[in-house]
Amino acid sequence: KQLAFILGRQQLFLELDEEQFPDAEELMEIMSNVHLNTNFQSLARELDIMEPKVPEDIYKSHLENVRPYGPTNVDSARQNLAASFVNGFVNCAFGNDKLLAE
């Protein structure tokens, strides 16, 4: 099975003879990444990371040392664009996010 997952990750597919491999159908499903999303969702449940995050949770800006001098304000449009990208990449596989839902 592990080799089937590796082949599926590399997008390689082998035709297996059902006479030689009794679980050939299951192995072919694994190689064709049929259950990839369900496997990802179960891993996220095991790691307890199903809760969508907001960009502020990712940035952890409350931990930064804030310097009172110099230009500290970032262009609002750039900040919104960066927050949208961060939100999209972090929550893309879960199907929900806090930025657009709230």
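Note that these values count all heavy atoms, side chains included, but never hydrogens, waters or copies made by symmetry.
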I'd like a table of donor-acceptor pairs (distance under 3.5 Å, sequence neighbours excluded) in which one partner is a side-chain atom from residues 7-19, with atom names and distances.
none

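- In terms of the side-chain contact (heavy atoms from CB on, under 4.5 Å) criterion, residue partners of L43 (sequence neighbours excluded) are, by chain and number, L47.
- Evaluation of the side chain to side chain donor-acceptor pair (under 3.5 Å) test over residues 23-34, restricted to residues two or more places apart or in two chains, returns K1-E26, E29-H35.
- Grouping Ile, Leu, Val, Met, Phe, Trp and Tyr by side-chain contacts under 4.5 Å, direct or through others, puts I30 with F5.
- Residue M31 holds its CE atom at 12.5 Å from CD1 of I6, rounded to the nearest 0.5 Å.
- Separating the CZ atom in F40 from the CZ atom in R45 is a distance of 11.0 Å, to the nearest 0.5 Å.
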